[in-house]
**Q** 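Sharing a structure with you now.
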Amino acid sequence: MKVAIICPMEEEIGYYKEHLGLSAGEIVGSTEVWTTSYQGHEIVVARCGIGKVNAAIATTLVAQTSPDLIINTGSAGALAPDRQIGDIVIGEATMYHDADARAFGYELGQVPTMPARYKAPENLIQDFLNAYHETDLTATRGLILTGDQFIADTNKVNDLYQTFRGAQCAEMEGAAVAQVANQFGIDCIVIRAISDTAQQDANVVFDEFVVTAGQNAAKVTLNYLKHL
Ligand code: ADE
C-alpha cells in the first residue's frame, strides 16, 4: 500500500523524521517531500506549512504520486471542554469553520458545490481506534474544524463548540487536505493531538506543547501503519 502523510510544521514532523529516518527532503515550492518505506509500505511524507492553501498545495503534490490513503497529522486547539493537552482526536469528519455561502443556501462551513463535511471511511476510524489502544494515550473520535485562524479566545471556543455541535478541536489544514483528497478520489483521515485549549494564552501553551502533540499524533499513525 502507498500512504501519504501530510504534516504542517517542522515541530510536528520530528517523530516521523526520527522513526522513518528522514533527512533532507525534496523542496517543491514551500512543501518538503520525502519518499521512504515503512513496514513494507511505500510512504510519502510532506511538510505542507500552515493554513488551508499550503495544505491544498501539498496535498495536490502528493496526490500526483497516487497514494491509496492520505493521512494528515499534527496539533490542534481543544474546543470540547474535556479534551486535554496531548489527547488524540481521530477525525470522524472535518469541515471549515470559516467558510460561509449561506446566502446561496449552503450550510455554514460548506464551500459551494463541495460537501459540507469530509467524512473519513469508518474502517479507517476503527483501525486508528485500534492503533491508539496500544499506546498510553487518550483518544476520542469526532468532528475536527479547520480555518485560517489560530483560535486564542474563550468566547470563540464556546461559539465554535456550540455552532458546530460537539466539534472536538480546531486546526488550520485538515479539511483542506480532505477536500483535495476528495477531489482526487483518495481516502483521507485527519489525526490530531491537542497542543493547547485555544484560550487567551494559546500561543504560549502551543509553543510549549506543539512538539508533544505532533509526536502523539505521529505515534498513533505509525502504530496504524504497523498493522496495515
Ligand atoms: N493548532 C494548534 N492549536 C491551534 C489553535 N488554537 N487554533 C488553530 N489551530 C491550532
Side-chain angles (χ1 to χ4, degrees), residues 5-16 30-31 46-59 71-100 108-109 117-118 137-180 188-221:
I5 299 169
I6 299 179
C7 203
M9 296 171 69
E10 196 59 38
E11 289 86 340
E12 297 164 310
I13 215 167
Y15 194 87
Y16 296 117
S30 58
T31 307
R47 180 185 45 71
C48 64
I50 298 167
K52 298 188 294 184
V53 171
N54 286 328
I57 292 169
T59 311
I71 306 170
N72 169 231
T73 78
S75 63
L79 296 177
D82 47 351
R83 293 282 74 71
Q84 314 276 337
I85 287 172
D87 286 359
I88 300 288
V89 179
I90 296 169
E92 217 163 48
T94 55
M95 71 184 295
Y96 300 116
H97 65 74
D98 62 351
D100 188 355
L108 180 64
R117 291 174 183 224
Y118 300 97
L137 302 167
T138 300
T140 189
R141 56 184 285 174
L143 176 64
I144 297 178
L145 300 183
T146 301
D148 278 324
Q149 294 172 14
F150 184 82
I151 313 295
D153 177 354
T154 310
N155 291 330
K156 182 80 183 175
V157 169
N158 295 339
D159 179 44
L160 290 174
Y161 186 61
Q162 268 155 30
T163 304
F164 298 94
R165 293 169 189 285
Q168 295 297 306
C169 63
E171 38 80 306
M172 301 176 70
E173 299 82 17
V177 172
Q179 180 180 342
V180 175
C188 180
I189 191 163
V190 179
I191 307 294
R192 295 281 176 153
I194 303 300
S195 55
D196 56 84
T197 51
Q199 310 290 315
Q200 270 70 2
D201 60 354
N203 56 331
V204 178
V205 180
F206 172 84
D207 282 345
E208 191 173 346
F209 293 106
V210 61
V211 172
T212 306
Q215 282 172 350
N216 288 358
K219 209 182 272 185
V220 174
T221 301

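We count residues from 1, following the sequence as given. Remember, it's 1-based here, ligands and their atoms both numbered in the order they're listed.
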**Q** Short question: side chain of Asp159, backbone of Asn155 - any donor-acceptor pair under 3.5 Å?
**A** no
**Q** Identify all side-chain donor-acceptor contacts of residues 198-205 below 3.5 Å with residues at least two apart in sequence or on another chain.
**A**
unit_1	atom_1	unit_2	atom_2	d
Gln199	OE1	Thr154	OG1	2.6
Gln199	NE2	Thr197	O	3.0
Gln200	OE1	Thr154	N	3.3
Gln200	OE1	Thr154	OG1	2.9

**Q** Who are the side-chain contact (heavy atoms from CB on, under 4.5 Å) partners of Met95, not counting sequence neighbours?
**A** Glu107, Arg117, Leu143, Leu145, Phe164
**Q** Do Phe150 and Asp196 touch side chain to side chain, with heavy atoms closer than 4.5 Å?
**A** yes
**Q** Extract all donor-acceptor atom pairs below 3.5 Å that involve side chains of residues 6-14 and protein atoms in other chains or at least two apart in sequence.
**A**
unit_1	atom_1	unit_2	atom_2	d
Glu10	OE1	Arg47	NE	3.3
Glu10	OE2	Lys17	NZ	2.4
Glu12	OE1	Met9	N	2.8
Glu12	OE2	Ser75	N	2.8
Glu12	OE2	Ser75	OG	2.6

**Q** Which is it for Ile88 and Arg192 under the side-chain contact (heavy atoms from CB on, under 4.5 Å) test, yes or no, and what are the steps along the way?
**A** CA-CA 6 Å; Ile88 300 288; Arg192 295 281 176 153; over 6 Å; no
**Q** If you count only heavy atoms, which residues are under 4.0 Å from ligand 1?
**A** Ser75, Ala76, Gly77, Gln149, Phe150, Ile151, Ala170, Glu171, Met172, Ser195, Asp196, Ala198, Phe206
